[in-house]
Structures are given as C-alpha cells and as structure tokens.
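Each chain gets a letter, A, B and so on, in the order the sequences are listed, and its residues count up from 1.
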There are 2 protein chains.
Amino acid sequence: MTQPDITIYDIAKKLSLSAATVSRALNNNPAINAKTRKRVNDMAMEMGYRSNNFASNLRKGNTHTIGVLVHELKSNFITSVLAGIEKVTTEAGYDIIIAHSSERKEKEIANAHNLFHKRVDGLIASLAFDTENLDHFDPFFKKGIPVIFFDRVFEHTDFAQVIINNYRAAYDITSHLAKQGCKRIMHVTASLERNVYSERFKGYQQALKDNKLNYDKDLLITNQLSEEAGIQAAMQILAMRKRPDAVFVSNDFCAAVLMRTLQDNGVHIPKDIAVAGFNNDAVGKIVSPKLTTIDYPGIEMGEITARNLVNHLQGVSNLALTNKIIIKSELIIRESTLKKKPSQK
Amino acid sequence: MTQPDITIYDIAKKLSLSAATVSRALNNNPAINAKTRKRVNDMAMEMGYRSNNFASNLRKGNTHTIGVLVHELKSNFITSVLAGIEKVTTEAGYDIIIAHSSERKEKEIANAHNLFHKRVDGLIASLAFDTENLDHFDPFFKKGIPVIFFDRVFEHTDFAQVIINNYRAAYDITSHLAKQGCKRIMHVTASLERNVYSERFKGYQQALKDNKLNYDKDLLITNQLSEEAGIQAAMQILAMRKRPDAVFVSNDFCAAVLMRTLQDNGVHIPKDIAVAGFNNDAVGKIVSPKLTTIDYPGIEMGEITARNLVNHLQGVSNLALTNKIIIKSELIIRESTLKKKPSQK
DNA sequence: GTGAAAGCGCTAACAG
DNA sequence: CTGTTAGCGCTTTCAC
C-alpha cells in the first residue's frame, strides 16, 4: 500500500538527467532550459513526486518558517491579527507555525523552546498575562533570530514592538465617561504587570485627575477578563454600598457579560451605570445597549508586524533600528455610555 | 553573532565519545550507561545544543506531526475543538500544524497539498462551505496516511468521521418552536451542500411535518451565517408581507445579530418572533433575551477525533474500522424562544 | 555498553 | 545549460 516516496533520483533516471538538473528544474532555476524544465515538472507530476522539506531544509540551513506565539487563540482580536500576519507571510513565501500559551507563562516558555527547536527563521510574539521576563527568548536573541513583539510587550525595552497607545485610549474613554457626568468610574482590567493594562490604568488615572475626580482604589478590579470574571465583577458591584456610576472594562466580551449580569439584577444601563469596553469586538454591536469601545485594528497590526519581520529577514530593513511602532486606535461611542442625550441637535 | 549550531559531533568530541552514543543518550536509549547519559545531557545543555529536526526526520522518515485543516479559525466552536485536539496530541507527543481555509475550497485544496508536502503523519479535517469532493485528499489516501474528518464531512462515505446528529438536533429545536405555538418557522442556514446544514434542514422539515406545519420555501434562507448575513436576513424578514413567528438560525452569532437587528426595528423577541441558534456560543448568554441553542461539545469532539487518529498511528486501533462516531448534543432552552410561560409551576 | 559506517533526499560549489 | 561531487545532522544496523 504505502509505496516508497518518489525522489528526484527517480525522476532523473526516468529522464536520463542528473539529480541536480531535476532539482534546479523543480525550483524554477532560470539556468535550466525551458523545455527540460517542463519535461521535469510533467514527469514529477505524473510520478506523484513530493519534495522532501526535511532534506531541503537540512541542506539549506533555513526553514522559511516564521513562528507566531500568541497569548490566546480564543479572541477575535488575535484571530484578526493572525489573518493579517498570514496575508503578509504567505505573499512573501513563508510558512507560519502558530503556538498559543493560554495566558500561562509556563506554556509560553515551552512554546518558545519548541519554536526555537523547530528552527523558525523569525518569531512574532504576544506575551501571556503573567510573563515576568524575556529570558525564554534569549536563545533567539543569542542566535540572532529576529523577534518582534506585538500588543502584549515589555515596554521601554529595546526589542522591536508594534503596539497601540493604550494610555491614550484609556484616557479618552475615561474622559468620555467623565464628560457624561460620571463621578465614580470603575476600571475592570487584567494584571497590571502587563503593559497594555498598566498603560490603560495610567491613562484612566490621569483622566480622572484632569476631570477633578479622585481615584478610589475600591474602583479598581483586576481579574482574567473572562466570562466568570465578568459575572464576578458585576456581583461585586451589586454588593457595594456605594456603587460606581460607570465601569470601564478592558475587554468587550467581559464588559458585555458584566453588563448583562448587572441588567439581570435590575440595573439600568447606561442610566444607573455606564459601561465601556475595549477592542471593538463584534459582540459590542449585538448587546443591548450597544457597547462603547476602543477600535483596535487587529488585521493591520498583524500586517505591520509581519511586514517588518519579513523585511528584516529579506535584508530590506533592520528590526534593530525600527524598534517601536504605534498604531492608531479610536474611541467608538455607542449607547452603553450615553447618559446625556447626544448634544448634537 | 550567529555562531554555527552545535551538533552531536561537537558533543561527542568534547566527551571523547562517538556520535552514535551521543544520539542514543539524548534519546534516552536504555542501552546506554546511566552515567554516560547524564554526562551527555549535561554537556548538551551546557553547550546549548538543539537537535536538528530536519536531519532526524529525514533519517527516520516520519515527522510526528499531525495536520489540522479547519474551515475557519474565527469561531468559538473551532477554537474549542482545537483545544481538545491539542490536549490529546500533545500528550501523545505529536506536534500539530493548523491550516484554515476561510470557507473557501481553493484554499482548502492548497492547504491539503501543503500539509501533504509537509509530510504530516496524519490529518484531521473539517470541510469548507463549498467543498465539492474529496479529490484533494487522494494523495493521503493513496499513501496510506490516515485522515479523519470532524463536523463538516461528507456523510455516507467510508472515511472516518466524528460528527453530531445534526438531524436530531434540528428536529428537536424545530419541535420545541412548534410546541411554543409557532406556525411559520423560518430556517436560516448555510449551503445545503454541506452535511451539517443539509441534515439540519432535513430535521427541520421532518419536525414541521410531524407538527402538522407546512414547509414553505420562502421560509428558508441560505447564506454565509456571518454578521452581514444576519443583518440581511433580518431585513428580508422585516420586508416580508407575512412574517415568520420563529427563526431557527444555524449559528449563534448570526442568530444574535439577526435578533438584534429585528429588535432595532421594533420587533419583540420572543413575543413577535422567537429566535433560536446553534452551537451554544458564549454570545448566547450575553444577548437579551438569552438565546435558545444546541450545545455542541467542541473540546470533546476535538479530543475524540485526535484520540482516534493517534490510536491509529500508534497501531492501537484502526481507523478503517471505526468509521463513524456520533457525539451527543443537547437542546438548551432559554428566553429567546419562550412564548408561553414556562409550564412548570 | 559503545563505535564505525552508511545513507535519508536534497542543494550548491565547481567544472565543463 | 547540465553533470559530478560532497555534505547538511542524524539514526541505525552491524560489529565488538
């Protein structure tokens, strides 16, 4: 049943050529006569030849494969980023291997090792919630394998990174809530160890200050931004003697769950409590009221990240020079935060 | 900067051993003295050795890699399945390569070829909307590389497959709607070429018949089950002279969008129109009213599929024998279809 | 318990 | 434009 594989030698023998010529022909080497090339390709097709990547990679020493290490697959944002990465890498002729850490640093470390052993030519990464350092990327740095981070990064380091201005986005959304007359604005977010969340927290605090509101530590909840976390945060709010009049959640899905739980317990949104999310996930347009959020262009982020890595690999540019790229993001105001009637007539 | 890689020869030389011994030691071959093994492993660590998969695979002739070809990544169901697959394959020591076709048969064909060339030891696949035949899997069949399909399959073929009883699930949901007093039950689904949708359609029709309702072809919409499709279907309903009093949508997300669009246009759910989805996506619990749906265990499906493939690869069982596995699914009734008050006191 | 030697399939000098 | 040759790094007989 399982007949042995066809190799270039088999093709060469059939056509009375050398293996080298067959190899060149299959790789569309221009040095080969067009007629010969066609004969080889036809014969390869006919014999059901498939090239042996292992032999080829072993010989060439590079894999034309890019590793993508993400913190989670179950996220609209991430799948958008992946689509962007895929578009660019496919066009450039690179394969990608996707690994995800499920937000756990242990798995991130294991994945980093695995991709290193798989000999990826370059790496694109977004860190897990609890990643504390970049030691597991050292093997890449040491071997000169380019690494570029996106979204979840260590800021203020020298490594190439593509991010949005989280500080600014959070500032905008918090200011918007303040402008709506909210006085007790809660912030539900994830580990402040991670740049995206710490920056948002800073933006939130600054906006409070600029709007003459005090920061109250009871108004900060950090959790996993999961479904359960959303329910729990809502419960916590319901139990408060002095409830907030607005909640800014760092993730649309969690915001939606939180909002729903509050509603199920008789809270009116946005009248009693305004709710805002982050990411412009599709879910924000389905819930009622529709969710105010930050639009955060995943596809574009993926494309830009991959483009930079590919350019580096192709020697067109150097990652070490372009070390930080900031992508635009935008506040989208919907009903979930509109306490006042829209002022425009 | 980029110092050359360490090989087993480098380790062998340092320890005055042969490369063969080093190789065996690294692979924990019991024939090797425990002391020698430790010396080798320590030295490997110290020198920063990483094994060369290409050389190893080239030599061994198998890759210990399983290809996973899915119709779409942006789906909660699929990411659950992937989690299940990953769990089982990781435990069994297999790597996986994930490829997705974005519901397009051209890309599915290209991916199948690609995975074939990557020499996966086995393949797990779920078909795209418009896949018409299994010709692109022929190379696998011919070479005796095991292929197992899940969810989106060609039914009534001899290939190994893991599915749910779509007929039954649709029958249940449609009957439930009929029991709620609905007389004009619409069905919004995707290409009837694909088993999952054709089976659901059959179940829907049979339930209508068994409940003495006529099937009206105006009450069938087939689309892509996307966000836009949901909006468009809702618009179509709004424009109907004789509107349905229930809609059974083949996907929760699309159902939610459709429901929301109807609501935005003054339709009361479930009073005017009941809405049911399929998949038990998290979104169903966020929307208002909460969505009636079919629970469809993604993780389990992934685990069972992978387990069967791995067992086959390890010679424990034979895929050719266990050719169809049906996983349980379950109707979950929520407010979006409750026209009558729950009858239980 | 360890070593010698061959070869997996391919590509890149080099030669002509 | 095509052929010869060597070798990528590993595993696996077959010896001893």
Side-chain angles (χ1 to χ4, degrees), chain A residues 2-41 43-44 47-65 93 95 116-121 143, chain B residues 2-41 43-44 47-65 93 95 116-121 143:
Chain A
T2 307
Q3 78 268 30
D5 267 307
I6 308 292
T7 73
I8 53 172
Y9 287 98
D10 300 322
I11 299 176
K13 200 183 292 175
K14 269 267 206 300
L15 297 173
S16 306
L17 287 169
S18 73
T21 303
V22 172
S23 170
R24 286 189 274 247
L26 290 170
N27 290 302
N28 292 315
N29 185 321
I32 297 291
N33 183 307
K35 223 175 268 172
T36 315
R37 207 182 323 169
K38 180 155 175 20
R39 281 176 63 218
V40 170
N41 280 302
M43 181 56 76
M47 299 177 74
Y49 168 79
R50 58 173 174 169
S51 80
N52 187 320
N53 260 311
F54 304 117
S56 168
N57 286 334
L58 174 58
R59 182 58 230 247
K60 288 190 301 191
N62 78 335
T63 63
H64 254 240
T65 298
D95 285 324
F116 182 70
H117 280 280
K118 285 237 174 60
R119 306 198 173 218
V120 295
D121 287 356
K143 274 223 50 80
Chain B
T2 309
Q3 78 266 30
D5 267 307
I6 307 294
T7 73
I8 52 172
Y9 287 97
D10 300 323
I11 299 176
K13 199 182 292 174
K14 269 267 207 301
L15 297 174
S16 304
L17 288 168
S18 74
T21 304
V22 172
S23 170
R24 285 189 272 248
L26 291 170
N27 290 304
N28 291 316
N29 186 319
I32 297 291
N33 183 307
K35 222 175 267 173
T36 315
R37 207 180 326 168
K38 179 154 176 20
R39 280 176 64 220
V40 169
N41 281 302
M43 181 56 78
M47 297 177 76
Y49 168 78
R50 57 173 176 169
S51 81
N52 187 320
N53 259 311
F54 304 116
S56 166
N57 286 333
L58 174 58
R59 179 60 229 250
K60 288 190 301 192
N62 78 337
T63 63
H64 254 241
T65 299
D95 284 324
F116 183 70
H117 280 280
K118 284 237 173 61
R119 307 200 169 215
V120 294
D121 287 355
K143 275 224 49 83

Run the side-chain contact (heavy atoms from CB on, under 4.5 Å) test against A:K14 and tell me which residues pass, sequence neighbours left out. A:M43, A:M47
Send over the distance from B:L15 CG to C:dT2 P, rounded to a whole Å. 12 Å
The criterion is side-chain hydrogen bond (donor to acceptor under 3.5 Å, both in side chains); which residues satisfy it with A:T63, sequence neighbours excluded? A:D121
How long is the straight-line distance from CG of B:N57 back to CG of A:N57, given to the nearest 0.5 Å? 10.0 Å
Sequence-distant partners of B:K38, side-chain hydrogen bond (donor to acceptor under 3.5 Å, both in side chains), two or more places apart: B:D42
Provide the closest heavy-atom pair for B:S18 versus B:A12 in the form atom of the first, atom of the second, distance. C-CB, 3.8 Å
State whether B:T36 places a side-chain N or O below 4.0 Å from either non-bridging phosphate oxygen (OP1 or OP2) of C:dT2. yes
Taking any atom closer than 4.0 angstrom to a non-hydrogen atom of chain A, what span of DNA chain D does the protein reach, first nucleotide to last? D:dC1 to D:dG9
Determine all donor-acceptor pairs shorter than 3.5 Å in which one atom belongs to a side chain in residues 22-31 of chain B; sequence neighbours excluded.
from: B:N27; atom 1: ND2; to: B:S23; atom 2: O; distance (Å): 2.9
from: B:N29; atom 1: OD1; to: B:A31; atom 2: N; distance (Å): 2.8

Short side-chain to backbone donor-acceptor contact, B:N52 and B:F54, under 3.5 Å: yes
Please report the distance, rounded to the nearest Å, between CZ in B:R39 and P in C:dG1. 15 Å
What is the separation between atom NZ on B:K60 and atom C1' on C:dG9, rounded to the nearest whole Å? 17 Å
Note: for B:A55 and B:A31 on DNA chain C, the residue whose nearest nucleotide lies more 5' is B:A31
Indicate, with a heavy-atom threshold strictly under 4.0 Å, whether A:N27 touches base, sugar-phosphate, or nothing. sugar-phosphate
State which residues pass salt bridge (Lys or Arg N to Asp or Glu O under 4.0 Å) with B:R50; sequence neighbours excluded, sorted by chain then number. B:D5
Tell me, please, which residues at least two apart from A:Y49 pass ring pair (Phe, Tyr, Trp, His ring centres under 6.0 Å). none
Length of the line joining A:D10:CG and C:dC8:C1', which is rounded to integer Å: 13 Å
Round to the nearest Å and state the distance from A:F54 atom CZ to C:dC8 atom C1'. 12 Å
Who are the salt bridge (Lys or Arg N to Asp or Glu O under 4.0 Å) partners of B:K118, not counting sequence neighbours? A:D95
At 10 degrees resolution, what angle do the end axes of the helix from C:dG1-D:dC16 to C:dG16-D:dC1 form when each is taken over five base pairs? 30°
Touch class at under 4.0 angstrom, heavy-atom based, for B:S56 against every strand present: sugar-phosphate
Within the structure shown, what part of the strands sits under 4.0 Å from B:T7 by heavy-atom distance: base, sugar-phosphate, or nothing? sugar-phosphate
Provide, to the nearest angstrom, the distance between the NE2 atom belonging to B:H117 and the P atom belonging to C:dC10. 12 Å
Given A:L17, which of A:T36, A:I11, A:I32, A:I8 fulfils the side chain to side chain contact (heavy atoms under 4.5 Å, CB included) condition? A:T36
Taking CG from A:N29 and P from C:dA12, how many angstroms apart are they, rounded to a whole number? 9 Å
When rounded to whole Å, the CD1 to C1' distance for the pair A:I8 and C:dA12 reads 12 Å
For nucleotides 4-7 of chain C, print each protein N/O atom paired with a nucleotide N/O atom at under 3.5 Å, atom names and distance only.
from: C:dG7; atom 1: N2; to: B:R59; atom 2: NH1; distance (Å): 3.2

Could you list the residues that satisfy ring pair (Phe, Tyr, Trp, His ring centres under 6.0 Å) with B:H117, not counting sequence neighbours? none
